[in-house]
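Worksheet: the structure to be examined is printed underneath.
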2 protein chains.
Amino acid sequence: MIPEATIRRLSVYLRCLRRGLRRGEELVLSTQLARRCGTSASLVRKDLSYFGGFGIKGKGYRVADLIHAIESILGINKPIALILVGVGSLGRAILRYLQEVPYFNILGAFDNDEKKWGRRVGRVEVLPAHFLRRFLEENPVDLGVIAIPPEGVEEVVDTLERGGVRGVLSFALAEFEVPRNMVLEFVDIAAELEFLYYKANKLKT
Amino acid sequence: MIPEATIRRLSVYLRCLRRGLRRGEELVLSTQLARRCGTSASLVRKDLSYFGGFGIKGKGYRVADLIHAIESILGINKPIALILVGVGSLGRAILRYLQEVPYFNILGAFDNDEKKWGRRVGRVEVLPAHFLRRFLEENPVDLGVIAIPPEGVEEVVDTLERGGVRGVLSFALAEFEVPRNMVLEFVDIAAELEFLYYKANKLKT
DNA sequence: TAGATTGTTAATCGATTAACAATC
DNA sequence: TAGATTGTTAATCGATTAACAATC
């Protein structure tokens, strides 16, 4: 069984490796990658070894090859079909950001607010939220991103699940009593800051 | 030693408890809280027991009391002084969101772009990024939020650290070779989606 | 070949679970 | 008191580290 933390670190390695490649780096050692990514060399080697032997003993890892290997482990060597629900200020910002990532294919954005329908954020058109169900029947969607107030999350998650979406990232915490046939993650900025504040206070003492 | 995961869960419990309180709930059982927050009853009791005995044996936990207890554990019973660096589309959205949380006191927002100086996002004024160092000398700041491209993160973190900020939340991954006398957290939306996509694909098989 | 670093194993560390005694 | 649920302990599970044999 591969630890979840390993998968998360692969994303971090990928970013460090890409930056290395841009700088013209050809080989990288587990010690270097570890230092840059804030882990240990042991862990870098262990993480990679779950998926195969990507390194050259005595030499290190070929940067370009390792980037490819990690991309195909994560499955991002082909486009990921995304939609966004909730085009408020946060939703709009996320929508802009997601369009900058080459392997994200944003199929549409949905909102309740009539005034937003038909508007574009970058290349993506805002559609009425009640089109969502129909849209999912006609377009296979991998992941959904939700940026609406907490009260609405449950219902939207239901619709996405029935529409075949297998993963959801929500920017509002929701109570999720219902076990679901999908992967559900929450990003709560206030919670991150609370955690940070607690740790920062411990640091002082 | 208290697990980091425990602290993160406290934030989640807090949100579930507040929602319960709004519904008029007076007592809550560890089993109920666990179900709503996606953990186990054992873990709820263990997490709370690190900080004391907040429950009533045979009865459960008084919702209002537990909310207070968790707030003072996290230290959010007094305002947290925050600043934001980088007032792009994501920064603006975060700035709006943070202003909605009662215990966050946003002292200022900073940006490189001259055109943004003097503008307001809600109640917060955008100041020139080169004012930051001086600003920190005159205003004690608990936490900083960074929403700028990755290249600039290192320098801003330096400035914040020297200015006495003890915790930073960055929305761009940065390579952090330098060990720091502060707590540094990264939120990377693309990385979250990559993780979600990997897990969603495993789910199918 | 000699030198260096990977991949892997065993040991350690930490977090979660399960079970139950304490007690409201 | 009897019933119920907390707080806590010991057992389990999982992830990280350290050390080294394999090998480029």
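Taking only side-chain atoms of A:K46, from C-beta outward, the nucleotide of D:dG7, C:dT17, C:dT8 with the closest atom is C:dT8. Taking every side-chain heavy atom of A:K57 into account, C:dT6 is the closest of C:dA15, C:dA18, C:dT6. Residue B:S42 places its side chain closer to C:dA19 than to any other of C:dA19, D:dG7, C:dG7. For A:L29, counting side-chain heavy atoms from C-beta on, the closest listed nucleotide (D:dT6, C:dA15, C:dT6) is C:dT6.
When rounded to the nearest whole Å, the span between CZ of A:R45 and C1' of D:dA15 equals 16 Å. Nucleotide D:dC24 holds its P atom 15 Å from the CZ atom of A:R62, rounded to whole Å. Atom CG of A:L27 is separated from atom C1' of D:dC24 by 12 Å (rounded to the nearest Å). Between B:L33 atom CG and D:dT6 atom C1' the separation is 13 Å, expressed in whole Å. Regarding B:L48, its CG atom lies at a distance of 16 Å from the P atom of D:dT5, rounded to whole Å. Computed from coordinates, the A:F51 CZ to C:dT6 P distance equals 18 Å when rounded to whole Å. Between B:L66 atom CG and D:dT5 atom C1' the separation is 15 Å, expressed in whole Å. One can place OH of A:Y61 at 14 Å from P of D:dC24, the figure rounded to the nearest angstrom.
Base pairing analysis places C:dT12 opposite D:dA15; the two distances defining the Watson-Crick or G-U wobble pair are each below 3.5 Å. Look at C:dA21: its Watson-Crick or wobble partner, with both distances under 3.5 angstrom, is D:dT6.
Residue whose closest nucleotide on DNA chain D sits further toward the 5' end, between A:A5 and A:I56: A:A5. Heavy-atom nearest nucleotides on DNA chain D were determined for A:L43 and for A:G58, and the one closer to the 5' end corresponds to A:L43.
Among the heavy atoms of the strands lying under 4.0 Å from A:S30 are primed sugar atoms or P, OP1, OP2 only; no base atom is included. Among the heavy atoms of the strands lying under 4.0 Å from A:S40 are primed sugar atoms or P, OP1, OP2 only; no base atom is included.
Side-chain N/O atoms of B:S30 and B:R45 include a donor and acceptor closer than 3.5 Å.
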Worked verdict on A:F110 versus A:F135 for ring pair (Phe, Tyr, Trp, His ring centres under 6.0 Å):
CA-CA 10 Å; A:F110 297 85; A:F135 186 92; 5.2 Å; yes
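Judged by distance alone, with hydrogens and angles left aside, the side-chain atoms of A:D142 form no donor-acceptor pair with the main-chain N or O of A:I80 at under 3.5 Å. Listed for the B:E194 side chain is no donor-acceptor partner under 3.5 Å among the backbone atoms of A:I76.
Rounding to the nearest 0.5 Å gives a distance of 10.5 Å between CG of A:L82 and CD of A:Q99.
Distances shorter than 4.0 Å separate some side-chain N or O of A:R9 from OP1 or OP2 on D:dT16. Checking the phosphate oxygens (OP1, OP2) of D:dA15, no side-chain nitrogen or oxygen of A:Y50 falls inside 4.0 Å.
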